[in-house]
Amino acid sequence: MADIVATPKSQSHGDHYDVDYLNDGSLLSWLTTVDHKKLGVMYLWSILFMFFLGGVFALLVRLELMNPGQTIMTAEQYNKAFTLHGAIMVFLVIIPSIPAALGNFALPLMLGAKDVAFPRLNLLSFWIYVTGAIIATVAMVTGGVDTGWTFYTPYSTTTDGPVALMTFAAFVLGFSSILTGVNFVATVHKLRAPGMGWFKMPLFVWGIYATAIIQVLATPVLAITLLLLIFERLFGVGVFDPKLGGDPVLFQHFFWFYSHPAVYIMILPGMAIISEVIPTMSQKVFFGYKATAFSSVAIAIVSFVVWGHHMFTSGQSQLAGAIFSFLTFLVGIPSAIKVFNWITTMYKGSISLAAPMLYALMFLILFGIGGLTGIFLGTMSVDIHLHDTYFVVAHFHYVMMGSTLIAFLAGLHFWWPKMFGRMYNERAAQIAAFFVFIGFNATFLPQFLLGSRGMPRRYYDYLPEFTFLHQVSTVGSWLLGLGFVIMAGYLFASLRKKMDAPSNPWHARTLDWQTSSPPITHNFHEIPVLKQGPYDYFKPFEPSVEGYHE
Amino acid sequence: MNWLRDWMMPLAASEHAKKVDDLYIFTFWLMLAFFILIVYLTVLFPLKYKRKKEGVMTINFSHNLALELAWSVIPLILVIGLFFWGFNDYVESRVHQNDAIEVHVTANKWNWAFEYPDGSRSIKALHVPVNKPVRLILTSEDVLHAFFIPALRTKTDVIPGRYVELPFTATVAGKHQVFCAEYCGRGHSGMFAELYVDTPEQYETFLKEGPEEFKAMPLVELGKFTYNEAGCKSCHTIDGTKSEGPSFKNLWGKSEKLRDGSSVTVDESYIRESILNPTAKVVAGYEPVMPSFQGLLRDRQILGVIEYIKSLK
């Protein structure tokens, strides 16, 4: 493995041994780099671009819903807009966001490793991601698809448009996800620094590890499902369409067998970041380390057996429904344990309210709403009423955006100084966080009410009685958008500054902070030997990297 | 707390709907309590333990068995309770009664069609009597749809190539909205129907006069519709060919010889009698195989069939 780990170009010339990874090598050399940090940064920019695109579609969808009837687009255009919003946000943004961007960057550093276990595989999975993104973009430009991101059959096999291409894009992106998962599992098993037993690993590593296992086990099922869908569409092979002798409910079983675990591919890394940010910003030992580590693994396992709760109204048997309902409630328990652990970690800490912590606190509140409203949906009789209404839309936005993306922002603000060697404007970050919080809640709280009052989802037009709540939601989306514009402003502005970030701005104890900001190409001069647990804030700091001092 | 229920939920038009609301409101208060606890601590701790100076050691408080057991076991007990409550209400709502009125529902892009026990049909308007159990039997002709009645807190996906059932007993008379809740393309957001929960008198009138579409149809047209939909056409042709029963072509005014040797003139009374009591006067050369349509056709439909036969010259 050693021969393919990125080595500093300068090393061979014998000078500039300490050059940081950002300035090591030409711009062109980034395209073929095997450095996990550069790959993480490239993932970050790709994902942020896709987030911008998905966000534009979201704002268009909300704008159309400002008034009943046609506002700015036709029903066909609306159906394409919400499909693309969903597909982009799920497959191109949220699933890769934390593992591929922040995970790639931070995981090897946290383990005290020079790189991931398979650096070339890492490069391959990045280019597969780019290929998938390009195929998806081609599908969007050549007509767009109107199936919804769930591609439910037989609508998806009978509607017009480049559905096969879009499905193929999701198929390709799945491989990127699988390869990243394999890589991370191997890295966590094999490349931990001397002295780092399993229970000395930072909790971020535990979360990413649990995620990687789901990615490896569940994503192939999606690949097969999408392949069957493509076969049915292109060659008329009857798998899902009853006209060809297929079964449309079978597609839903296949699809959710992947896509429910995928929900945890999205949320576990978010929880992992919060488990890192809260103890660090509170300078407090993590409360219930083992419970939190095990609950990540428990969630990963149970997530495989709850897919049927997406299908309470689908005509599946009542016994199946009952079993899925019960198992779904069980997932709530490890999540509840985590929330109480995070909160108790803050107890008697020394809490800084810098931007990463603001987002972490925001996460606690928004994930609280997202998780607690999930209880309504797990309850069978209540779910029958709420299924496929705006209540569900609000619930999963609280989990996917309010939790995962907010955690991503917490992580981004947390590791930004390490990634780019610059601090951002703290005041501007507070203002942006305020708008994101207010805007998000204004957008999605009214949708709970819309849903319980009976407003179905994926509606281009709606009854006049729903107008007011839709308008509040649309105005909320503008505030949310404003928050992101401010954020883009101060983050880009920070990149124009001279590098000013200290190596450990948050006084963290994990290994990723015991190197320069930004890190040198090979991460550490010496292999770190772990001297302290990751959250031992009750005793003086003892660096694990020789020669490192704050 | 009725204001809260009225604010969050549409009108509850069945006993089941009220039960769903009870559980919803109970869950709401329970979750609100947890939420307030989370928010209180999330705001309190950062304020109370705000960093005053850098580089201080904090306490080593890393686990507490009692605390951890409490916040694992208490939520577990609560959710198991909620599970049984919700499961019980759900199963109860899906058990249909044997004397239920069965209405067939056919969905297609982007329409709902209803077929009643008497063979009559209506489009986008479903009539059911109040306080009587109803069982919908639903299927789709093209893609997935979902039949969603917010006022009854019930819905089911409608699946092509399969029949699903949706039992309910509506207890509040009036007009209730029906939505399609499963995305089905361009017309999805307009795929409505109205559920008319009729008083016994209104339902009586509906049964007698049929859906709005029937009232608007001229008699001949209604007769032709009935001929095609109620089953006449499987035994009676309109082109003069002999089938299980006499052809309707040129039948009007004809003098028919009966099996018992007597004869009869085909007029209004004879056609009416033949529909309601077919074996009374069977034409010679035919077997007495026709079933009675007593109670299946409305008076105006019978008139329509008479007018339709008149028109077939």
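So you know, we letter chains A, B, ... as the sequences are listed, proteins then strands, and number each from 1.
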- So what's closer than 4.5 Å to chain A heavy atoms on B/Glu54: side chain, backbone, both or neither? side chain

- Query: When you look at CG of B/Asp99, are more than 12 heavy atoms from neighbouring residues, nucleotides or ligands closer to it than 6.0 Å?
  - Reply: yes

- Query: Contact part of B/Phe192 toward chain A, heavy-atom cut-off under 4.5 Å: side chain, backbone, both or neither?
  - Reply: side chain

- Query: In terms of ring plane angle, is the pair A/Tyr347 and B/Phe45 parallel, tilted or perpendicular, where the classes change at 30° and 60°?
  - Reply: tilted

- Item | Under 4.5 Å from a heavy atom of chain A, the part of B/Lys109 involved | side chain

- Task: Carefully, step by step, assess A/Tyr459 and B/Phe179 under the rule side-chain contact (heavy atoms from CB on, under 4.5 Å).
- Result: CA-CA 10 Å; A/Tyr459 262 34; B/Phe179 294 110; 3.5 Å; yes

- Of the backbone (N, CA, C, O) and the side chain (C-beta and beyond), which part of A/Phe363 lies under 4.5 Å from a heavy atom of chain B, both, or neither? neither

- Message: For B/His188 and A/Tyr460, I'd like to know if the aromatic rings sit close, meaning centre-to-centre distance below 6.0 Å.
- Response: no

- Query: Considering only heavy atoms, which portion of A/Thr147 lies under 4.5 Å from any heavy atom of chain B: side chain, backbone, both, or neither?
  - Reply: backbone

- Message: Do A/Pro154 and B/Asp142 make a side-chain contact, defined as non-hydrogen atoms from C-beta onward lying under 4.5 Å apart?
- Response: no

- Worked check of side-chain contact (heavy atoms from CB on, under 4.5 Å) between A/Gln283 and B/Val56: CA-CA 8 Å; A/Gln283 295 288 295; B/Val56 291; over 6 Å; no

- Proximal component of B/Asn64, with respect to chain A [non-hydrogen, under 4.5 Å]: both

- Would you mind reporting whether A/Met311 and B/Asp157 have side-chain heavy atoms less than 4.5 Å apart? no

- Item | Proximal component of B/Leu67, with respect to chain A [non-hydrogen, under 4.5 Å] | side chain

- Item | Proximity breakdown for A/Met357 and chain B, heavy-atom pairs closer than 4.5 Å | neither

- Message: Before we go on, tell me: are the rings of B/Tyr183 and A/Trp149 under 6.0 Å apart, centre to centre?
- Response: no

- Got more than 12 heavy atoms from elsewhere within 6.0 Å of OH, B/Tyr163? no

- Examine whether an atom of B/Gln177 lies under 4.5 Å from a heavy atom of chain A, and if so say whether it belongs to the side chain, the backbone or both; otherwise answer neither. side chain

- Query: Which of parallel (below 30°), tilted (30 to 60°) and perpendicular (above 60°) describes B/Tyr24 and A/Phe376?
  - Reply: tilted

- Is any side-chain heavy atom of B/Ser62 less than 4.5 Å from a side-chain heavy atom of A/Phe287? no

- Query: Given that the side chain runs from C-beta out, which part of B/Leu32 has a heavy atom under 4.5 Å from chain A: side chain, backbone, both or neither?
  - Reply: neither

- chain B contact via A/Thr153 - which portion, at a heavy-atom distance below 4.5 Å: backbone

- Query: Could you walk me through whether B/Arg51 and A/His507 pass the side-chain contact (heavy atoms from CB on, under 4.5 Å) check?
  - Reply: CA-CA 13 Å; B/Arg51 190 174 299 173; A/His507 310 295; 4.1 Å; yes

- Part of A/Phe367 within contact of chain B (heavy atom distance under 4.5 Å): neither

- Task: Return the minimal non-hydrogen interatomic distance between A/Ser325 and B/Phe83, and the atom names on each side.
- Result: OG-CD1, 3.2 Å

- Would you call A/Asp146 and B/Arg186 a salt bridge, using N to O less than 4.0 angstrom? no

